Structure formats: C-alpha cells, structure tokens
There are 2 protein chains.
Amino acid sequence: MSNKNIGIKDVAVAAGVSVTTVSHVLNDVSYARISPVTRDKVRSAAEELGYGPNRLAQALRTQRTGMLGLVSEDIATTPHAGRIILGADEAAKARGYNLMIINTSGSASLASRQADVEALLEHQVDGILYATMYHRNVELPANLGSVPSVLVDSVATGGNITAVIPDEIGGARSAVRALLEAGHTRIGFINNTDDVPATRHRLRGFRTTLTEAGLDSEAAPVESEVSEVQGGYEAARRILARKNRPTGLFCYNDRMAMGAYRAAAELGLSIPADLSVVGFDDQELIAANLHPGLTTVALPHYEMGAWATEHLIDAVEGKTDLTLMALHPTILSCPLVRRDSITAPRQ
Amino acid sequence: MSNKNIGIKDVAVAAGVSVTTVSHVLNDVSYARISPVTRDKVRSAAEELGYGPNRLAQALRTQRTGMLGLVSEDIATTPHAGRIILGADEAAKARGYNLMIINTSGSASLASRQADVEALLEHQVDGILYATMYHRNVELPANLGSVPSVLVDSVATGGNITAVIPDEIGGARSAVRALLEAGHTRIGFINNTDDVPATRHRLRGFRTTLTEAGLDSEAAPVESEVSEVQGGYEAARRILARKNRPTGLFCYNDRMAMGAYRAAAELGLSIPADLSVVGFDDQELIAANLHPGLTTVALPHYEMGAWATEHLIDAVEGKTDLTLMALHPTILSCPLVRRDSITAPRQ
DNA sequence: GGACGTGGGAGACAGATGAGCAACAAGAAC
DNA sequence: GTTCTTGTTGCTCATCTGTCTCCCACGTCC
C-alpha cells in the first residue's frame, strides 16, 4: 500500500531522526551503530506511512536497478516464449530482480534489434537476456556487449557470449530409445526440411542410436517435409507406404506428429497398436490433446530461462565471470514425456 | 552503441557549453533560446560520443519513467497472454514506453498479487496493466489504485476501474449466424461447465440468435462438460446420439471442438459434410491444424492489449480521464475466422 | 583524553528547469 | 553626440528529484 511520494525523509521526520539514520536502519547497514530503540522507531514509522523505497533513486546512487532486460522473439506466436519468460521471471523474482520485456520479430533487422537493446540500456538494466524462439545461430546487436548478457536457445555467430541451449541430440536419442525399448526394430523418422541445428541434431541422434542398436539404415527410413501438420501428414503417408513399413515413428515435432496421426487414421492404422509415435517439443495443446496422448520430448524452455537468469544475476553481482562460460554453450537436457502413443509392436 | 557512463556533462565538455544547454538542446525545450550553431555543436558532440540518456536520472526529476507495469496471469500456460503482451508492447513502443512484466498465477493469493504490484510501484512505473487470462471478475490488490491502471480481459468485482473485455455475446452470435447462413436448422451447443462470464454469454448469444431465427429450443440442444478436449468429446457423443441430431455444432472453445472432431470421426460423421463445427478462441495450434481447418471465433487479445496500453498512456499523459471510462467496460468485438469446417447440411 | 556508543551533514548519482545575467542594438532624452 | 532605457538573444547558475555513503561530531565513562 505504498503511497507514492512518501520518501525516506518523511519517515525521518515521523521518527524524529535524520534521513541518514533511516537509510542505515532500512538497509541494515553493517557498520552503522544505532540503538534498537531507534531502529524500532524508524521501522514502525516506515510501516505506518506505507513507505516503499524508490528504486530509481536507489539505482541512481548504487548503479544497480534490479531490472533485467529480456528481448524475446515472437512472444505471441509460440508457446515457448511464455515458458522462457516464466522461468526467467521466477528466477528473477526469487533474487529481487524484475524483468523488462521487449518483443522482437525473428525476422527483425539488426538495426531494430539494436534499438531494442538500446531502449533497455537507457533504462539501465543490470543485464540482458536475449531469447530466440528456436535454437539457431543469431547475429547479435553490437551494443549487447555493454552489460552482462546471456543468450537463450541459440548461440551467437561470433561465439563468445554465454548461451544455453537444449540437448537436441540427447532428446532424439531418448525418443528413439523409447521406441527401441518397446521392441520396435523398424523405426522411421519424419524430419524437418529447414536447415537449423535442430534438424541436423535430431537426425544425428536418431541415426547414432539406431546404429548402436545394430539397426541399419534400411530399417530406418527418413522423410523430410516442412515442419507443420500438413508436412507431417505427407511425410507419414510416404513413409508408411513403404513395403516394409516402420512400426515406430519419431517425428521432428508435435505438429508433424499430429499430421502422422491423421495419416495413420486414413490408412486404418491404429495408434499405438499398429504404429507407435514419438514427437518433440511437448506442446501441451497438441501432445496432451491428441488421442491417444502423444509421447514426446520436452524442450527445457522454462529451465533455460531460469538457468540464464540465475547465471546472469550471478554475473551482475560479480559472483561469476560469464566470459569463462562463453567458450561453450551450456546444454540442458530434454526429458521424455510419456503418454500413450507407444506400445510393443505386433510381432 | 551508447557507451555506458557517457553523460550529459561529457557532451557539454565536448561541445564547449554548459550541461544546461545540452539538456535544452537535446530535449528541444521550447522556451530555450539557443543559436542554431550551438545546437549543431551539441548534437554532433552527442552523436560522436554515443550519448544515450539515462532514463533513471530523467525519471527522478520528471517523475515519469516511461515504464508501464504489466502483471499477467499464467504467461506460460496460455497463448493468450502472449498476444496481450504483444499488443501492449507494440502500442507502448510506438509511444516511447516500455513494459515491465510480472507473472502471477490465476490462483495467487491477494497478498502475492499485491506484492507484485508493489514491486512495480517501487520501480515507479507510470501506469499498470492488469491482465487476467480469461474473462472473469477479479478481486484487485488495493495498491493498484495508486497509479493509473487498466484491466485487460476482466472486470473488477468492485467496479470502477477501466477495463476492456471481449464481446462474448457478439462472438457467439457470429458463430451461430455462420451456421444459420449455411442453411442449418438443427444446431447444438457444447458448453463449458465453469461458472464464468464466457459460459453465460456464449450461451446467451447462442440462444438469442436461434430464437430470432425462429428455431425453438427443441432444435437447439445444449450439453455441458469441462472445457477440455475430453469434455468436448463426451458432450459431442451425447449431443450426436439424439434422435434428431444436429447438423451444426457450436463449441465453447477450440479444445472442445477438437473433442467433437474425434466424436464425429468415431461415429463415421465427416466434417463438414455431415456435421458443421464452429469453435471459439482461435487457438492457432488447434484451429488451423485440425482437419478440416476449424472455423472459429477469435478473441481480440492483441487488440485488448493495445487498446489498454493506448488508453493507459493517454491517462498517464493527462489526455484522458480514466475514471470516466471506468463506468462500463469497453467491449471489443470477436471476429469470425473462416476455415473449412462449415458447409451446407445435406438436405 | 582515548575509547565507545549514537547519530547527523554533506556531497554524489545524471539530468531537468526556471530565474537570471551578460552582451549588444535600437530608440529616446538631454 | 553622449548617456540612458528598454528589449532581445544566447547561455549559465542554482536548485531539485530520493537515496546512499563517507566522514565527522557529540556526549559519557574510565
């Protein structure tokens, strides 16, 4: 209930002490020697007046605003942004920081990205989180370097900025292993056609896991399409039309898996009895609502947001040297979320 | 590329004038009389040094931070939040403001909401946007009143705070009209069981539109369930099992419509040939990806975010008196988004 | 006359703002 | 023709915003 325009000096007058003393008491300044009685007077005066500190003035003096900037791509179009923001917000709140958010578009010009960062800088944010909406290489605005910053879900083209990304390969391996463990020996992969790291990494995870299991590429067909429902449908039609069709299907993402569901339905194949399916992304809206529920690999967006914030704050407070972590991106694992789309193949 | 720690006084030294003059020039102070020559000197000095204003210091003096607080419910769990944020961010950016965002949970205690607002207040935000994730009545933290504020997607229990909400009734009417215009005369409604305004309003829109069309309640069955895919499925099974089953179905939301799709498929009913369906919400992930694409009613989240921000800034700048608008919530229309799930009924 | 216990004064942070001052010109009074 | 008045232009000084922090002051008791 902090009434605006109640300052430290109003508290000082009410408590009958100087502003210095109020500041000392309220901030628990270690070297200040003030009697318990006075401390009480100050504290209760502050309470009664509904005093709340003016963080601006504090910041001006201490050179620390307690604000972190977050520039996030495509806030509205993907649910991933929300999870990053949530992770960042909770981590920040836990340490007394707040988030200033600016949206940018994945296709925004470098100048516009730079203007976004500039706006954050003018507000004297203590650090900046730069979040992209899918794991890829981005060119960063130059002014980003003027405060500690961390990249979320991508790595910089130039390198040397701390970044946190998902373990695409590990996620793909978990997905394929789940199929393997259920007993499948013919497993197909429906991949994306975009040339992004995820495309390559998920494929690599798929391949190496099957190779290790002794399954050759004959039993591991791959079809690629645009990573949407329609693409998934088409790729699934193709892959399921093969002579020796796979009994397990790993899909690049949940949307493509949704397309695969439709393809299977049209072919009279029931999931999971005739075809086991695994997705990627764990988009609740899809994965949990498909019938049967889609087993999929979750992207650690919340965790990346929290990790990045945690370490950014450490850097701001001088507890960490980000440049040391900038050599290699930190990789967070992608856990498998089990639902009902996998079972043992008909022998 | 504003280097930090370059201040107005550095510019003053470089330009060979006083800081006052620099301030006058850079802010285009109307009453300041400064020669064009001096103005140029100042501006180019600022440019060269990469000067950027320190908004904190400005704010301390002017009592205006250029920051708006946005407390948003459940950022991560619904795509709606993202659209509100986007609308708010773009409107704010266009007028030189930035957003400070705090997440809260729909189920958070009043004390915790109050703490969120308090944090915003300590940062001296100029105004606050309070966004809930579904249109309902909320109890607001008391300290919200200390700066101009606008409610997004809800109305306050106490009333008298400016709010903007979607036109649920109009949206429902559009949905039903679309079915009517396609020639349907037996139209069912699958409703939500939660007691929220949307439930009542969509039902009212449904009823009045049909009554106006001369269709009695016999031809307009309603079934209610929890507003998820499963609930939609169950309600659809019931409604489609009726002797004279409807040929058109209006669903409370897209998730329930997704359940209806499944029910139809199981009954061998093809959409839209045997059953036309309309949803509500326009959740892209579902509506655009269902097969056939779901015709649905869009909620104006982006527009509400933008409207609220626009008017909040007007209030902050004294161009509007929010208390005048607080008497009745502003209602934004919900447009119908046509896809492929409606056609004429088989005669 | 130190040591100790208590507390206060005066910048500084970065910039905004309105009153005020110097310099000069034109017009007026003598 | 000199001095005074008045006005205008161009720019600066002092002060203010709310808080922190270094340094100093005052009184008391050994």
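Basis for what follows: all heavy atoms, side chains included, without hydrogens, waters or symmetry-related copies. All of these numbers come straight from a predicted model, not from anything done at the bench.
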Between A:Arg55 and B:Ala32, which residue's closest nucleotide on DNA chain D lies nearer the 5′ terminus?
B:Ala32
Evaluation steps, salt bridge (Lys or Arg N to Asp or Glu O under 4.0 Å), between B:Glu317 and B:Arg64:
CA-CA 10 Å; B:Glu317 297 181 350; B:Arg64 192 137 300 170; over 6 Å; no
For B:Leu70 against B:Ile85, the heavy-atom pair lying closest together:
CD2-CG1, 3.9 Å
Which pair of heavy atoms, one from A:Leu322 and one from A:Ser149, lies closest together, and at what distance?
CD1-O, 3.6 Å
Report the distance from atom CG of B:Asp153 to atom CD of B:Glu73, rounding to the nearest 0.5 Å.
9.0 Å
For B:His123, check ring pair (Phe, Tyr, Trp, His ring centres under 6.0 Å) against everything at least two apart and list the hits.
none
If you apply the rule side chain to side chain contact (heavy atoms under 4.5 Å, CB included), what do you find for B:Ile75 with B:Ile101, and how did you get there?
CA-CA 10 Å; B:Ile75 282 185; B:Ile101 298 188; 3.8 Å; yes
Assign B:Ser35 to base, sugar-phosphate, or nothing according to its heavy-atom contacts below 4.0 angstrom with the strands shown.
sugar-phosphate
Sugar-phosphate only, base, or nothing, as touched by B:Val29 at under 4.0 Å among non-hydrogen atoms
nothing
Is there a side-chain polar atom (N or O) of B:Ser23 under 4.0 Å from OP1 or OP2 of C:dT17?
no
Between B:Tyr31 and C:dG18, is there a side-chain N or O to OP1/OP2 distance below 4.0 Å?
yes
Let's go through A:Tyr51 and A:Leu26 carefully: what are the C-alpha distance in whole Å and the side-chain angles of both, what is the deciding distance for side chain to side chain contact (heavy atoms under 4.5 Å, CB included) to 0.1 Å, and is it a yes or a no?
CA-CA 11 Å; A:Tyr51 168 78; A:Leu26 263 23; 3.8 Å; yes
Using whole Å, report how far [atom1] of [X] lies from [atom2] of [N].
X        : N      : atom1 : atom2 : answer
A:Ile34  : C:dC4  : CD1   : C1'   : 16 Å
A:Asn27  : D:dT21 : CG    : P     : 7 Å
B:His123 : D:dT19 : NE2   : C1'   : 15 Å
A:His24  : C:dG7  : NE2   : C1'   : 8 Å

Intermediate values then yes/no, side-chain hydrogen bond (donor to acceptor under 3.5 Å, both in side chains), B:Asp126 and B:Thr65
CA-CA 6 Å; B:Asp126 294 334; B:Thr65 53; 3.3 Å; yes
Should the ring pair B:Tyr31 and B:His24 be called parallel, tilted or perpendicular, given that the plane angle runs from 0 to 90° and is split at 30 and 60?
perpendicular
Between protein and nucleic acid, restricted to nucleotides 14-18 of chain D and to nitrogen or oxygen atoms under 3.5 Å apart, what atom pairs and distances do you find?
| unit_1 | atom_1 | unit_2 | atom_2 | d |
| --- | --- | --- | --- | --- |
| D:dC16 | O2 | B:Arg61 | NE | 3.0 |
| D:dC16 | O2 | B:Arg61 | NH1 | 3.1 |
| D:dT17 | O2 | B:Arg61 | N | 3.4 |
| D:dG18 | N2 | A:Ala57 | O | 3.4 |

Check nucleotides 25-30 of chain D against the protein and report each pair of N or O atoms closer than 3.5 Å, with its distance, or say if there are none.
none

